There are 2 protein chains.
Amino acid sequence: MPENNTIESTRKTMQANQLSLSVDCVIFGYGEEGLRILLLECSLPQYGGQWSLLGDFVQPDEDIDSAAHRVLHRYTGLNNVYLEQVMTFGHPDRHPLGRVVTTAYYSLIKRDEYNGRKAYDGFAVKWFPVHEVPQMAFDHMVILDSCVGKMRESLREHPIGFQLLPKQFTLTQLQTLYEVVLDINLDKRNFRRKLMSLNMLVPTGDIQKDVAHRPAGLYRFDYDEYQRKLSRGFRFEI
Amino acid sequence: MPENNTIESTRKTMQANQLSLSVDCVIFGYGEEGLRILLLECSLPQYGGQWSLLGDFVQPDEDIDSAAHRVLHRYTGLNNVYLEQVMTFGHPDRHPLGRVVTTAYYSLIKRDEYNGRKAYDGFAVKWFPVHEVPQMAFDHMVILDSCVGKMRESLREHPIGFQLLPKQFTLTQLQTLYEVVLDINLDKRNFRRKLMSLNMLVPTGDIQKDVAHRPAGLYRFDYDEYQRKLSRGFRFEI
DNA sequence: ACAAAAGTGTTCAGTTTACACCCATGG
DNA sequence: CCATGGGTGTAAACTGAACACTTTTGT
């Protein structure tokens with residue numbers, strides 16, 4: 001498995017092929033400071049000062065999903081994380097060093113489980129707020145935008161948000177998650193009514209500890225019940 | 001531009017690369033007989049008697065969207081047709097002759113504008129009803145299923161159905177289109193109310209001719225008005 | 001006159017939205 | 001006793017689904 005992304009290794013990969021395939025991951029991190037995106041300082045001189053998504057070439061005998069997982073693991077230390085393919089970008093001039101077609105993925109992780117380094121091959125890695133993304137190299141801004149859209153759509157239509165909370169969570173934590181990631185405001189009473197009416201949140205019986213106000217009840221998401229409902233034609237929707 | 005898909009040309013393309021990229025198109029044809037899919041008899045001996053989607057390798061300096069349009073044109077004679085990327089399939093063993101990653105597209109055309117041949121390179125091309133697809137080579141059944149799903153989703157959320165009707169059409173023709181392609185039944189009154197409430201169907205003033213019953217009024221889809229509404233945040237939905 | 005498809009309203013149920021106050025706890 | 005967030009109900013507006021008869025035309 002490749003373990004660096006220097007210009008030399010890039011050239012070597014490209015020379016072996018008329019056409020190369022890469023994966024690029026938009027990694028969303030959810031935490032105290034809101035929703036951020038993990039970016040890498042671009043190593044190509046023509047994109048000096050700009051940033052890029054985290055990516056690598058797909059190896060000759062590697063599944064593209066596996067390549068995306070490998071990239072995700074390399075930069076975050078995480079395995080078995082939710083990763084979704086978004087779209088493939090294949091304009092002939094999108095990469096200045098040659099023909100590279102790239103398949104975009106996004107992932108949604110908890111910032112506090114992130115276990116990456118500050119730099120790779122001498123190039124910085126940094127979290128940026130979604131509303132303050134820097135200049136992006138290649139066509140990575142377009143890719144980023146399409147991943148933001150797809151991620152928000154999936155968050156509304158699949159129960160992937162629960163992976164960003166502790167096993168036990170309060171309804172306010174859940175609401176805040178949707179508000180932050182979707183960049184919307186929700187009504188507390190309506191939100192609770194809707195979520196509870198799905199019959200997939202079960203009270204654990206526990207309550208918050210050490211908070212300077214009335215402690216909230218804790219819930220867990222009943223994944224088995226969700227699967228059962230799914231097979232009966234149910235569609236999750238926030 | 002490549003103009004054949006024989007086994008020899010396939011091998012040649014693959015030998016030049018560790019990894020090849022192809023496009024595969026699911027071509028839906030709408031007409032009198034309902035919704036059909038255009039398939040090609042598979043040329044590989046190990047898939048004898050099976051059928052495959054219409055595809056080709058992406059050329060070194062060709063956009064992937066262009067490759068899909070090229071394939072579509074080759075097999076249907078059509079240009080400037082609606083074509084949508086669905087997903088990229090990259091399992092290492094999906095192609096018996098080597099590593100081929102493929103990007104799937106679907107297109108929706110009018111059967112009566114179809115202008116293809118009966119065979120290409122000695123292999124038959126045939127329309128199959130969506131409910132009677134034959135044995136498919138490679139992973140093409142999986143690809144087909146994902147394209148059917150995506151096409152139906154897009155039909156409901158974008159006004160792509162109007163491309164399958166004459167410029168002027170009756171409301172019944174429109175309703176039948178949605179019923180056939182989505183494989184559902186719709187209530188006539190509710191359907192008309194909903195469509196008319198979008199304020200994007202304008203009566204042309206003309207009526208049907210030469211029908212053995214009360215002639216229906218003809219409408220056209222106001223694409224400009226649709227664009228205007230779009231930019232004001234409107235979302236099309238059937 | 002008949003056959004065939006066009007055209008047209010109303011009711012009911014369920015869902016979504018808007019909105020404000022009291023409660024429990026820690027400090 | 002104060003500050004902080006937790007927790008709760010109701011009314012109005014809107015949306016989606018069900019449902020049947022009259023009209024116009026050609027033969």
Side-chain angles (χ1 to χ4, degrees), chain A residues 32 34 152-153 155-157 165-166 168-180 182-221 229 232-238, chain B residues 32 34 152-153 155-157 165-166 168-180 182-221 229 232-238:
Chain A
E32 305 286 321
R152 289 188 172 144
E153 186 187 317
L155 183 69
R156 298 192 90 119
E157 297 178 359
L165 296 174
Q168 302 201 358
F169 50 85
T170 69
L171 295 177
T172 299
Q173 285 176 322
L174 187 61
Q175 181 178 343
T176 302
L177 163 65
Y178 282 104
E179 290 182 327
V180 166
L182 299 176
D183 200 19
I184 56 176
N185 290 317
L186 294 167
D187 178 90
K188 182 160 62 159
R189 281 175 288 191
N190 294 339
F191 179 79
R192 284 167 186 237
R193 200 183 0 255
K194 179 159 194 170
L195 269 283
M196 296 314 278
S197 72
L198 299 177
N199 289 319
M200 289 173 345
L201 294 184
V202 293
T204 63
D206 292 346
I207 57 171
Q208 274 184 319
K209 300 277 180 222
D210 306 316
V211 286
H213 52 77
R214 175 174 174 179
L218 295 172
Y219 294 80
R220 66 178 183 80
F221 178 70
K229 285 199 191 338
R232 291 190 219 114
F234 164 83
R235 280 190 73 80
F236 187 88
E237 166 111 49
I238 299 294
Chain B
E32 305 286 321
R152 290 190 171 142
E153 186 187 316
L155 183 70
R156 299 191 90 117
E157 296 178 0
L165 295 176
Q168 303 200 358
F169 50 85
T170 69
L171 295 178
T172 300
Q173 285 176 320
L174 187 61
Q175 180 178 341
T176 302
L177 163 65
Y178 282 105
E179 290 183 326
V180 166
L182 299 177
D183 200 19
I184 55 176
N185 290 316
L186 294 166
D187 178 90
K188 182 159 63 160
R189 280 174 287 189
N190 293 339
F191 179 79
R192 284 167 186 238
R193 200 185 0 262
K194 179 158 195 171
L195 269 285
M196 295 313 277
S197 72
L198 299 176
N199 290 319
M200 290 174 342
L201 293 185
V202 293
T204 62
D206 293 343
I207 57 170
Q208 274 184 321
K209 299 280 178 221
D210 304 319
V211 287
H213 54 79
R214 175 173 174 177
L218 295 172
Y219 294 81
R220 65 178 184 81
F221 178 71
K229 286 199 188 344
R232 291 190 218 116
F234 163 84
R235 281 189 73 79
F236 186 87
E237 167 111 47
I238 300 292

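The shown structure was predicted, so the numbers you read here are calculated from the model rather than taken from an experiment.
- Near DNA chain D, meaning a heavy atom under 4.0 Å from it, residues 187-205 of chain B has B/Asp187, B/Arg189, B/Asn190, B/Arg193 in order of number.
- Relative to the axis of its first five pairs, the axis of the last five pairs of the helix from C/dA1-D/dT27 to C/dG27-D/dC1 sits at 10°, rounded to 10 degrees.
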Under 3.5 Å, N/O pairs linking protein and nucleotides 24-27 of chain D:
residue : atom : partner  : partner atom : Å
D/dT24  : O2   : B/Arg214 : N            : 3.2

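- Taken from CG in A/Leu171 to CE in A/Met196, the straight-line distance is 6.0 Å, to the nearest 0.5 Å.
- The residue B/Thr172 sits close only to the backbone: its heavy atoms come under 4.0 Å of sugar-phosphate atoms, none of a base.
- Here the CD1-CG distance, from A/Ile238 to A/Leu182, works out to 8.5 Å after rounding to the nearest 0.5 Å.
- Rounding to the nearest 0.5 Å gives a distance of 7.0 Å between OG1 of B/Thr170 and CG of B/Leu218.
- Residues that satisfy the side chain to side chain contact (heavy atoms under 4.5 Å, CB included) test with A/Gln175, not counting sequence neighbours, are A/Glu179, A/Leu186, A/Lys188, A/Phe191.
- Note: B/Leu165 CG to B/Gln173 CD = 6.0 Å, rounded to the nearest 0.5 Å.
- With rounding to the nearest 0.5 Å, the separation of CZ in A/Phe236 from CG in A/Leu198 is 6.0 Å.
- Between atom CG of residue B/Leu201 and atom CZ of residue B/Phe169 there is a gap of 5.0 Å, rounded to the nearest 0.5 Å.
- Nearest heavy-atom pair across A/Pro215 and A/Ile207 is CG-CD1, 3.7 Å.
- For the pair A/Tyr178 and A/Leu155, the minimum side-chain heavy-atom distance is below 4.5 Å.
- Within the structure, side-chain hydrogen bond (donor to acceptor under 3.5 Å, both in side chains) contacts touching residues 208-221 of chain A (residues at least two apart or in different chains) do not occur.
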Intermediate values then yes/no, side-chain contact (heavy atoms from CB on, under 4.5 Å), B/Arg152 and B/Asp183: CA-CA 9 Å; B/Arg152 290 190 171 142; B/Asp183 200 19; 3.9 Å; yes
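- The distance between atom CG of B/Asn185 and atom C1' of D/dG16, rounded to the nearest whole Å, is 16 Å.
- Contact footprint of chain B on DNA chain C: nucleotides with an atom under 4.0 Å from a non-hydrogen protein atom, first to last in 5' to 3' order, C/dA4 to C/dT10.
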